[in-house]
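Below: one structure, written as structure tokens.
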Amino acid sequence: MDFSLLLVLAVAISGVIYFIDAVWLRPKRRERLAKAEAATTEGVDAPTRDKLLKEPWPVDYARSFFPVLLVVLVVRSFIVEPFQIPSGSMRPTLEVGDFILVNKFAYGLRLPVVHDRILEVDDPERGDVMVFRFPDEPSVNFIKRVVGLPGDLIRYEDKQLYVNGEPVAKTLLEEGPETAPQELLLQERLGSASHAIYNNPRDPGPQMREVEVPEGHYFMMGDNRDHSNDSRYWGFVPEENIVGRAFAVWMHWDGGLPSFSSVRSIE
């Protein structure tokens, strides 16, 4: 279900009802009250006045919900949008159950539903954690790290990422960390971003020959390198599928009580 579409429809319907009442129905109600007051010298009693001025229930609901829905639409479409992490493909950076905030204007303002960019701001940078609509199923949102920009040459071989022929620097932090005993915890430097990744030495993982990122597209990978469904399997992300840049974790919820102890920025 496309929540953006539902929200736009709700704003449009409530806004139309609110507008029709303001320019046509409300003046009619006031006109009826004026006629009733003119027909008697004693004036109109309070119950009659309330009855003549009473708003129909659709108008009452529209007047109450339209401003709230409009604010939610503007904030969610152009400023910030919350997402929940459903899988472990971005571990150790993001854990299953993390609730994140995504900057919707970092890569330009886009219209809701149609996703056309109406204002250019910045382009994604290598190392950004980005939310995007999955190319094969645009109704599904994915989150991965940008490793390849338009024109880059990308290769992944023997668990080593190469960008434009150069190996991406990484250092070993820990073997078999408590949170992932089968993995190697490494620190990787990708662009200006220094972040942790997992590699499993017992898993051969995918091997990928060198590919060139087409113009207007990006190559995405998860930080959990041996357990991520990413561009190594299904290809590139077109620019029009970009949703925004993930910048913070604001809550964690794994089915029990929500926890705010893991609030942090996303590197």
Q | Donor-acceptor contact below 3.5 Å, side chain Asn103 vs main chain Arg245 | A | no
Report the distance from atom [atom1] of [X] to atom [atom2] of [Y], rounding to the nearest 0.5 Å.
| X | Y | atom1 | atom2 | value |
| --- | --- | --- | --- | --- |
| Gln187 | Leu172 | CD | CG | 11.0 Å |
| Asn224 | Glu95 | CG | CD | 9.0 Å |
| Met90 | Ile85 | CE | CD1 | 7.5 Å |
| Asp128 | Arg145 | CG | CZ | 8.5 Å |
| Leu94 | Phe99 | CG | CZ | 13.0 Å |

Q) Aromatic rings Tyr61 and Phe65: how do their planes relate, parallel, tilted or perpendicular, breaks at 30° and 60°? A) parallel
Do [X] and [Y] have side-chain N/O donor and acceptor atoms under 3.5 Å apart?
| X | Y | result |
| --- | --- | --- |
| Arg76 | Ser4 | yes |
| Trp234 | Asp136 | no |
| Glu183 | His227 | yes |
| Lys144 | Ser89 | yes |

Q: From the options Arg30, Arg29, Lys54, Lys28, select the one residue that forms a salt bridge (Lys or Arg N to Asp or Glu O under 4.0 Å) with Asp21.
A: Arg29
Q) Taking it one step at a time, do Glu37 and Arg32 satisfy salt bridge (charged side-chain N to carboxylate O under 4.0 Å, His left out)? A) CA-CA 9 Å; Glu37 289 176 336; Arg32 288 197 298 268; over 6 Å; no
Q. Name the one of Val74, Val75, Val68 that satisfies side-chain contact (heavy atoms from CB on, under 4.5 Å) with Val71?
A. Val75
Q.
Whether Glu188 and Arg225 form a salt bridge (side-chain N of Lys/Arg under 4.0 Å from carboxylate O of Asp/Glu) is what I want to check.
A. yes
Q. With a 6.0 Å cut-off on ring centres, are Phe19 and Trp24 close enough?
A. no
Q: Give the C-alpha distance, both sets of side-chain angles, the deciding distance and a yes or no for salt bridge (charged side-chain N to carboxylate O under 4.0 Å, His left out) between Arg264 and Asp98.
A: CA-CA 11 Å; Arg264 62 192 186 278; Asp98 280 347; 2.9 Å; yes
Q. Quick one: does NZ or CZ of Arg232 land under 6.0 Å from the six-membered ring centre of Tyr156, within 45 degrees of the ring axis?
A. yes
Q) Please walk me through it: do Arg117 and Glu239 pass salt bridge (charged side-chain N to carboxylate O under 4.0 Å, His left out)? A) CA-CA 10 Å; Arg117 186 158 68 171; Glu239 187 274 335; 3.6 Å; yes
**Q.** Atom of Thr179, atom of Tyr198 and distance for their closest heavy-atom approach
**A.** OG1-OH, 3.0 Å
